[in-house]
Enquirer: 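Handing you a structure now.
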Amino acid sequence: MKFQSVRGFKDWVPEEFIRYEHLIDLAKAILKKYNYQEVKIPILEKTELFIRSIGEVTDIVQKETYTFQDRNQEFLTLRPEATAGICRMVIENGLFMRPKPLKFFTIGPMFRHERPQKGRLREFYQIDVELFGNLTPWYEVELIKMGLKILYSPLKDLSEDEEIKNLFTLEINSLGCEKCRPNYKNYLLSSLKDSQNLLCNTCQQRLERNPFRILDCKNPNCQTEIQKLEPIHKFWCEDCELHFKELKELLEFLDLKYVLNPYLVRGLDYYTRTIFEIKGKGLGAQDTVCAGGRYDKLLEELGGPFLPAIGFAIGIERWELCISQYLNPQTFLERLSPQVFIALLGREQFNEGLKLAEALREADLKVEVLYEEKSLKALLREADKLSSKKVLILGEEEIKEGKVLLKDMLQGTQEKISLEKLIPKLKEEFIYP
RNA sequence: GAGGUCGUAGCUCAAAGGUAGAGCACCGGGCUGUGGCCCCGGGUGUUGCGGGUUCGAGUCCCGUCGACCUCCCCA
């Protein structure tokens, strides 16, 4: 094999693409019901945008971005996530003047230079959802509910199955706000300083850079130290505590199961208060399918007005890995096969076949024609391989009579039918069944 | 970025240092007016790539690229 795709970048062949398309269609249908507006933002942004939003000392910015200089020596970065770009869009286009809340979503590839493994690619697709303009937990609950709805949407027919009911689990936490978060940070710093040499090497570095990340370290030594600490909720201010209490009550009100995870933290600096992750089963080490939270200060920090916001991102490939085993392959077959296959018996029929195919396509039918001199047997074999439901046989005899032979490939039946009656008949079958 | 497992035909996988194979798929034919089934024929290959050891390497060694797993990190 001469060429291989770049490490961590993959092709989507038709069978894979239709799965992607199917999931996107389901997600979009739900997003529309919540009145989210689809937008598109560039894949490339100035590096500075990500440094300012995600945080200069985060791992993502420090070692995972595709950053390079263009021909004008300007530093550019392939987006590792979409929130920063959406915020830039809101500010640059003055969208913050519009009625609140602003509700946007975008679907597209993100890029992170990490070691690839199952459920982790260097180019991966996200459904990114953002809501701007409100501080209350009602919007958070609605957003979380919508996220879960999207994730479960491909499995709607199987929703009674116990295994499927628990395919995704919601974890929540609050990081506190600008008032109370520093207290917890200081507490972490002072109490972990004493046991510093018991922590792993990376955590000793985290102590300097981002002490919150120590909380979700998997190293057992670090975990024993972490267990000794006071949990984060002891440090929340009154407002943050109330906010989180209301959030939990609302989740219960909607019968949404959740797990409180006081050690849940995020790899991006911009989050405040509520954060959440939805984890999927069967993914191995990379089990977070959806993650998000509140980022009230970000727009302001990027030079816009104060506009509190919440959002999440779904990793489409991970989502697909979770649910694909439960999906019926038949669901996708239709997207790949023609509705009508036209079998032309001999070169003399090619012109008529071309005309007929165009007429059927004008009538919104999906049509395949082979302009090849093959036996009827061979042509039917082709139609069978493509899983075409109907075959139109067009030979010398039919053309003379102004008719075609319409064959049903599932039933094996066939009838001779005039050209005038053909389109209404096929429409009845495929378009208004 | 660290450690580990693996890499043979389009796909799934054999070949335990001695002639590169099977099933499925694919192509041609039986079969120019009827698909699925069947029969006959065809191996379609730079054994990921590059070196080395050896009389001889798919097999052993080194490097490299890629996939997967763990760590890191994250969607």
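To find a chain, count down the sequence lines: A is the first, B the second, and so on, and within it residues start at 1. Just so you know, these numbers use all the heavy atoms, side chains as well, and skip hydrogens, waters and symmetry mates.
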Enquirer: When you compare B/rC24 with B/rC37, how far apart are their P atoms, in angstrom units rounded to a whole number?
Expert: 11 Å
Enquirer: Taking the P atom in each of B/rC60 and B/rU8, what is the distance between them to the nearest angstrom?
Expert: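 Taking atom P in both B/rC60 and B/rU8, they lie 14 Å apart.
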Enquirer: Distance alone, cut at 3.5 Å: any donor-acceptor contact between the side chains of A/T83 and A/E130?
Expert: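 Yes - a donor-acceptor pair under 3.5 Å links their side chains.
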Enquirer: Rounded to whole angstrom units, what separation is found between the NZ atom of A/K279 and the P atom of B/rC74?
Expert: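 In whole Å, B/rC74 P and A/K279 NZ are 12 Å from each other.
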Enquirer: Identify each donor-acceptor pair in which a side-chain atom of residues 421-428 of chain A lies under 3.5 Å from a protein atom, sequence neighbours left out, and give them as a table.
Expert:
| unit_1 | atom_1 | unit_2 | atom_2 | d |
| --- | --- | --- | --- | --- |
| A/K425 | NZ | A/E415 | OE2 | 3.3 |

Enquirer: Would you mind checking if A/K145 and A/E142 are paired as a salt bridge, meaning a charged N to carboxylate O distance below 4.0 Å?
Expert: no
Enquirer: When A/R122 is tested against each of A/M110, A/E114, A/H113 for side chain to side chain contact (heavy atoms under 4.5 Å, CB included), which residue passes?
Expert: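 Of the listed residues A/M110, A/E114, A/H113, the side chain to side chain contact (heavy atoms under 4.5 Å, CB included) partner of A/R122 is A/H113.
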Enquirer: Is the phosphate of B/rA67, meaning OP1 or OP2, less than 4.0 Å from a side-chain N or O of A/R7?
Expert: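 The answer is yes; a side-chain N or O of A/R7 sits under 4.0 Å from OP1 or OP2.
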Enquirer: Taking the same atom, C1', in B/rG3 and in B/rG45, what whole-Å distance lies between them?
Expert: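 Between the two C1' atoms, the distance is 34 Å.
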Enquirer: I'd like to know if the side chain of A/S337 pairs up with that of A/S388 as donor and acceptor (distance under 3.5 Å, no hydrogens or angles considered).
Expert: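 No, no side-chain donor-acceptor pair sits under 3.5 Å.
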Enquirer: Among the nucleotides B/rC71, B/rG66, B/rG36, which one has an atom lying closest to any side-chain atom of A/D384?
Expert: B/rG36
Enquirer: If I take atom CD1 in residue A/I24 and atom P in nucleotide B/rA75, what distance separates them, rounded to the nearest angstrom?
Expert: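 About 17 Å, once rounded to whole Å.
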Enquirer: Which nucleotide sits closest to the side chain of A/Q4: B/rC69, B/rC65, B/rC71?
Expert: B/rC65
Enquirer: What interatomic distance, in whole Å, is found between C1' of B/rC61 and the corresponding atom of B/rA67?
Expert: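 My reading of the C1' atoms in B/rA67 and B/rC61 gives 23 Å.
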Enquirer: Side chain of A/R115 only, heavy atoms from C-beta on: which candidate in B/rA2, B/rA75, B/rC74 is closest?
Expert: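 Looking only at heavy atoms from C-beta outward on A/R115, the closest nucleotide is B/rA2.
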Enquirer: What is the separation between atom CZ on A/R122 and atom C1' on B/rA75, rounded to the nearest whole Å?
Expert: 16 Å
Enquirer: Find the partner of B/rA67: check Watson-Crick (N1-N3 plus N6-O4 or O6-N4) and G-U wobble (N1-O2, O6-N3) distances, both under 3.5 Å, and reply none if neither fits.
Expert: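 Pairing partner, where one exists within any strand: B/rU5.
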Enquirer: Which protein N or O atoms sit under 3.5 Å from an N or O of nucleotides 39-41 of chain B?
Expert:
none

Enquirer: Determine the contact category for A/R318: base if any of its heavy atoms lies under 4.0 Å from a base atom, sugar-phosphate if only primed atoms, P, OP1 or OP2 are that close, otherwise nothing.
Expert: base
Enquirer: Heavy atoms from C-beta onward define the side chain here; which of B/rC72, B/rG66, B/rC74 lies closest to that of A/Q117?
Expert: B/rC72
Enquirer: In this structure, how many angstroms lie between the P atom of B/rC71 and the CZ atom of A/R120, rounded?
Expert: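 Interatomic distance, CZ of A/R120 to P of B/rC71: 10 Å.
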Enquirer: Please classify the nucleic acid contact of A/G280 as base, sugar-phosphate, or nothing, using heavy-atom distances under 4.0 Å.
Expert: nothing
Enquirer: Pick out the pairs of N or O atoms, protein on one side and nucleotides 31-34 of chain B on the other, that lie under 3.5 Å.
Expert:
| unit_1 | atom_1 | unit_2 | atom_2 | d |
| --- | --- | --- | --- | --- |
| B/rG33 | N1 | A/E398 | OE1 | 3.0 |
| B/rG33 | N1 | A/E398 | OE2 | 2.9 |
| B/rG33 | N2 | A/E398 | OE2 | 2.5 |
| B/rU34 | O2 | A/K407 | NZ | 3.0 |
| B/rU34 | O2 | A/Q414 | OE1 | 3.2 |
| B/rU34 | N3 | A/Q414 | OE1 | 2.7 |
| B/rU34 | N3 | A/Q414 | NE2 | 3.0 |
| B/rU34 | O4 | A/Q414 | NE2 | 2.7 |

Enquirer: Atom CG of A/D11 to atom C1' of B/rA67: distance rounded to whole Å?
Expert: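 These atoms are roughly 14 Å apart.
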Enquirer: Could you tell me whether A/K389 and A/E334 make a salt bridge, using a distance below 4.0 angstrom between a side-chain N and a carboxylate O?
Expert: yes
Enquirer: Under the 6.0 Å and 45° cation-pi test, does A/R318 pair with A/F124?
Expert: no
Enquirer: Write down the partner of B/rC38 under the Watson-Crick or G-U wobble criteria, each distance required to be under 3.5 Å.
Expert: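 For B/rC38, the partner nucleotide comes out as B/rG30, under the 3.5 Å rule.
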Enquirer: Should B/rU12 form a Watson-Crick or G-U wobble pair with both distances under 3.5 Å, which nucleotide is its partner?
Expert: B/rA22
Enquirer: Do A/L23 and A/I323 make a side-chain contact, defined as non-hydrogen atoms from C-beta onward lying under 4.5 Å apart?
Expert: yes
Enquirer: Just how far, in rounded Å, is C1' of B/rG36 from NZ of A/K390?
Expert: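 Distance, rounded to whole Å: 17 Å.
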Enquirer: 5'-most contact on RNA chain B: A/S388 or A/T288, nearest heavy atom basis?
Expert: A/S388
Enquirer: Taking atom P in both B/rG21 and B/rG58, compute the distance separating them and give it to the nearest angstrom.
Expert: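 After rounding to an integer number of Å, I get 13 Å for this pair.
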Enquirer: Would you call the rings of A/Y184 and A/F235 parallel, tilted or perpendicular, where under 30° means parallel and over 60° means perpendicular?
Expert: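 Tilted, since the angle between the ring planes falls between 30° and 60°.
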Enquirer: Testing the basics here: between A/S191 and A/L229, what is the closest heavy-atom pair and its distance to 0.1 Å?
Expert: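 Heavy atoms only, the tightest pair is OG-CD2, 3.4 Å.
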Enquirer: For B/rU47, which nucleotide is its Watson-Crick or G-U wobble mate, given both distances must be under 3.5 Å?
Expert: none
Enquirer: With sugar-phosphate meaning primed atoms plus P, OP1 and OP2, does A/L121 contact a base, only sugar-phosphate, or nothing at under 4.0 Å between heavy atoms?
Expert: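 Here A/L121 touches the bases of the nucleic acid.
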Enquirer: What distance, rounded to whole Å, do you find between the two C1' atoms, one in B/rC68 and one in B/rG28?
Expert: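 Pairwise C1' distance, B/rC68 against B/rG28, rounds to 39 Å.
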Enquirer: May I ask you to decide if A/P182's main-chain N or O and A/N186's side chain share a donor-acceptor pair within less than 3.5 Å?
Expert: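 Looks like yes, one N/O pair under 3.5 Å.
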Enquirer: In whole Å, what is the span from the CD atom of A/E114 to the P atom of B/rC74?
Expert: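 The distance from CD of A/E114 to P of B/rC74 comes to 8 Å, rounded to the nearest Å.
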Enquirer: In whole angstrom, give me the gap between the C1' atoms of B/rC13 and B/rU53.
Expert: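 Here B/rC13 and B/rU53 have their C1' atoms 29 Å from each other.
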Enquirer: Mark yes or no for whether A/E21, through its side chain, and A/F17, through its backbone, hold a donor-acceptor pair below 3.5 Å.
Expert: no
Enquirer: With sugar-phosphate meaning primed atoms plus P, OP1 and OP2, does A/A291 contact a base, only sugar-phosphate, or nothing at under 4.0 Å between heavy atoms?
Expert: sugar-phosphate
Enquirer: Whole-Å distance between B/rA75 P and A/E123 CD?
Expert: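 To the nearest whole Å, that distance equals 17 Å.
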Enquirer: Measuring only the P atom in each nucleotide, how far is B/rU59 from B/rA15? A whole number of Å is fine.
Expert: 14 Å
Enquirer: Nearest nucleotide by nearest heavy atom, which residue falls closer to the 5' end of RNA chain B, A/S5 or A/R266?
Expert: A/S5
